[in-house]
Amino acid sequence: MAPPAIPNPPQSERVLVDAHRVQCEGVGGALGHPRVYLEMGHGDSVECPYCDRLFVLRGGAHDPLRAR
């Protein structure tokens with residue numbers, strides 16, 4: 001029997017930023033992950049490979065506050 005499906009899996013944290021290059025240290029202070037620098041390149045978002053935090057460029061296509 002298959003395990004029950006999670007109806008609404010938790011969504012990763014979204015952080016609005018103003019630059020294409022960001023840094024992430026995770027959450028939890030000393031229990032977080034090493035500081036990593038992430039580059040969006042030509043995109044408008046980048047996800048941390050350690051904690052799945054999503055960094056979204058303010059005003060970009062993935063910005064939830066962007067005027068439509």
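At least one donor-acceptor pair closer than 3.5 Å links the side chain of H20 to the backbone N or O of G41.
Nearest approach of D52 to E47, heavy atoms of both residues: O-OE2, 3.5 Å. The minimum heavy-atom distance linking L54 with S45 is given by the pair CD1-CB, 4.1 Å. F55 and M40 get closest at one heavy-atom pair: O-CE, 3.8 Å.
Linking Ile, Leu, Val, Met, Phe, Trp and Tyr whenever their side-chain heavy atoms come within less than 4.5 Å puts V46 and L57 in one cluster. Note on V56: it does not cluster hydrophobically with Y50, by side-chain heavy-atom contacts below 4.5 Å among ILVMFWY residues.
Taken from CZ in R21 to CD in E39, the straight-line distance is 6.0 Å, to the nearest 0.5 Å.
Applying the side-chain hydrogen bond (donor to acceptor under 3.5 Å, both in side chains) rule to R58 yields the partners D18; only residues at least two apart in sequence or on another chain are considered. Listed by chain and number, the residues in a side-chain hydrogen bond (donor to acceptor under 3.5 Å, both in side chains) with E13 are R53 (sequence neighbours excluded).
Tested against C24, the residues P49, C48, P34 include a single side-chain contact (heavy atoms from CB on, under 4.5 Å) partner, C48.
For the pair V22 and Y37, the minimum side-chain heavy-atom distance is 4.5 Å or more.
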